[in-house]
Amino acid sequence: MVLAGVLVNGLVLSGIYGMLALGFALTYGVARVLNLAHTAFYMVAAYTLFFLVGRVGFVEAAFLATFVVVALALCAYRLLLEPLKQHESTVLIVTIALALLLQELLLLLFGGQFRSVPALLPGFVEVLGVRVAQQALLALGFAAGVLLATWLLIKGTRLGLRIRAAAQEQEAAELVGISLSGAGYWAVGLGGLTAALAGLAVAPLANLEPHMWSPSLLVVLAAVVLGGLGSLPGALLGASVLAFAEVLVVNLVPGGSFLRTTVALLVMVIVLLLKPEGLFGTSFVEER
Amino acid sequence: MRGPLRIWSWPWVLLYLRHEVLALPGRTAILLFVIFLLLFPLFTQDPYWLRVLTLTAIFALYAASWDLLSGYTGQVSLGHAFFFGLAGYASAILGRELGLPPWATIPLGVLLAALVGVLVGLPSLRVKGPYLSLITLAFPMITLGFIFLFPRLTGGEFGLSGLPRLGQSRLEEYYIVIFIFLVSFLILWKLGGSRIGLVFHAIREDETAVRMAGINTVRYKLLAFGVSAFFAGLAGGLYAHFLRIAGPDSLSLFNSIQPIVWSVFGGLATIYGPVAGTFLLFPLLDFLRVVEEVRMAAFAFLILLLMRFLPQGLVLAVLERLEEECPRCKVRNAFTRRRCRACGVDLHLNPSAEFRR
């Protein structure tokens, strides 16, 4: 009974974390930008959906929100991050400042109280003897679809080939005629897109508030590092390991909700100490 | 007939001041800054100003300690609040359980922080780069979870309040903190300029090469972690007893990021850069209280703009315009000079112009 609940909730959460971690890993692997504002983008998507959903239909609102976030990600990359790529620590500061700026703007526009978006599919169904919101199942399906589509794009198209080449070996990719900056823009755009879609999936499930980006940022960082920075399957695996760890702790340990991020991070530390380059680590660190 | 000039004699001090301090705008600025800090209470004893300057000095020490570890040695710590907060909590709990005064509990907390710093440094022997950063990020968050889990010992989300004060009055507290800050600043600066600091620089640039040169980098990295955690803990202990509360805020992600913002803003791997960055930004953040709603937004926006256009840090950018290096003997000179103050070579000699003539 408890186990079934853990399984279902863990899967839903893995889907959402997976989308976030995938976008983050793409941005880092190809554009070489450690974008700490990634989960702030996801928050902006959720809030834009919340703002628009009463005014226009759900589908239009979702499209608009996605468009806003992808545009935001591309603008931020063009204006702020691309010129600063050489200064790695400056990129950290700039993305954190960007996340704080977005947080404060949302706080000014919508206030600090919890907001929620009405569920697209209200009601519950019984799965394995557990009552699950239909919306959660919808989110799970949505996440699976997005992940599958991204995987097809990366593995099955020439664009995906360019992106993978740029991620694997920048100089060699440039030598065979791949535009690194072009691949970088595609990766940042895709990263923004997956962040936006994760925001859309999460908006009807969770409470929205302007500080929601920082706990999920921790989990995404942990997931990406767990899998090995820059490795896409690693990021997905890391995300689901952490999602299940989180759901297990919240369900089984008394007072577990305090330990949500604690456990995620503890798992990350232990894995890194045993296997310093992450589960699917590439040799990024050796680059000079 | 005059004898040889004795070091630390008055004539020596005056000559040193004239030729080594006042000759360079950067050093003059630091001298003026120290004098300003020491004499400030003569002009005003407004509690608000004393409070802002005291807090700024505490955070400047915190930022400088981050710079020693991350700017110099290149082990970027995203969880420096761990040492800061841990020392504060340790001092608070020791004071409550054993009834010791702050001057006994703060050093104990600081020693604990330094010890823990070395322990946190142990992963740095295996894990490198961004992986290490994220491990350091994890420690304060993990501790935070346990603090909420055991509210009996740690005060939970409200923290431990009502700690004993540092001194009898605001003025006394100001001088205690300023004195500790200046001494620590000097120690960190001298350490950065010493042979140890040189090894730190080298480890950041190319650790393999340092190992090839026969230097035990393990020892140096652990030393950097220990010293950095020591001073971060010192700042944390002072902070807890100055505000009289050791709370979960001191371990938050924001508090880990603050020293990074100040250091990068001022200029990395300089020690004086982070201090200047803090003294510029922290009071500014406090002034912005007049527009409370947009305070953080304005702050974030300002950092965004400054970093976009001065990515190497404000202090270094300004210093680059005020001072220049002699092309022959590498001694620094004020921008106003035409000839090098040490070797007399023409500073603005333009080789390409020479060639054309």
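A quick note: this is a predicted structure, and the numbers were derived from the prediction, not measured. The figures that follow rest on heavy atoms only: side chains count, while hydrogens, waters and symmetry mates do not.
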Within a 6.0 Å radius of atom CD on A:Gln113, are there more than 12 heavy atoms belonging to other residues, nucleotides or ligands? yes
Interface moiety of B:Val264 toward chain A, non-hydrogen atoms closer than 4.5 Å: side chain
Which region of A:Leu274, side chain (C-beta onward) or backbone (N, CA, C, O), has a non-hydrogen atom less than 4.5 Å from a non-hydrogen atom of chain B, or is it both or neither? backbone
I need the contact set between residues 216-224 of chain A and chain B: heavy-atom distance under 4.5 Å, sorted by residue number. A:Leu218, A:Leu221
Identify which part of B:Leu268 has an atom lying under 4.5 Å from any heavy atom of chain A, answering side chain, backbone, both or neither. side chain
From CA spacing to verdict: side-chain contact (heavy atoms from CB on, under 4.5 Å), B:Phe139, A:Leu265: CA-CA 8 Å; B:Phe139 283 108; A:Leu265 294 167; over 6 Å; no
CG of A:Leu100 to CZ of B:Phe301: how many Å apart, nearest 0.5 Å? 14.0 Å
In terms of heavy-atom proximity below 4.5 Å to chain B, should A:Ile96 be classed as side chain, backbone, both, or neither? side chain
Which portion of B:Ile260 sits near chain A, non-hydrogen atoms under 4.5 angstrom: both
Segment of B:Phe299 engaging chain A (4.5 angstrom heavy-atom cut-off): neither
Testing the basics here: between B:Met307 and A:Val94, what is the closest heavy-atom pair and its distance to 0.1 Å? CB-CG2, 3.6 Å
Tightest non-hydrogen contact, residues A:Leu266 and B:Ile142, listed as CD1-CD1, 3.4 Å
If you look only at pairs with a residue in residues 274-286 of chain B, which of them pass as a side-chain hydrogen bond (donor to acceptor under 3.5 Å, both in side chains), with sequence neighbours excluded? B:Tyr48-B:Asp286, B:Asp286-B:Arg289
Using a 4.5 angstrom heavy-atom cutoff, name the option from A:Leu105, A:Leu102, A:Leu81, A:Leu80 with the most pairs to chain B. A:Leu80
Minimum-distance pair of heavy atoms, taken over all atoms of A:Ala97 and B:Ala300: O-CB, 3.4 Å
Residues in residues 62-82 of chain B that sit under 4.5 Å from chain A, counting heavy atoms only: B:Leu78
Going by heavy atoms in the side chains, are A:Leu98 and B:Leu304 under 4.5 Å from each other? yes
Can you name the closest pair of heavy atoms from A:Val269 and B:Ala138 and give their distance? CG2-CB, 3.7 Å
Of all the heavy-atom pairs spanning B:Pro311 and A:Leu84, show the shortest one and how long it is. CB-CD2, 3.5 Å
Does B:Arg211 have any salt bridge (charged side-chain N to carboxylate O under 4.0 Å, His left out) partners at least two apart in sequence or in another chain, and if so, which? B:Glu207
In terms of heavy-atom proximity below 4.5 Å to chain B, should A:Leu108 be classed as side chain, backbone, both, or neither? side chain
A:Leu79, A:Thr95, A:Val91, A:Leu107: which one forms the most heavy-atom pairs within less than 4.5 Å of chain B? A:Leu79
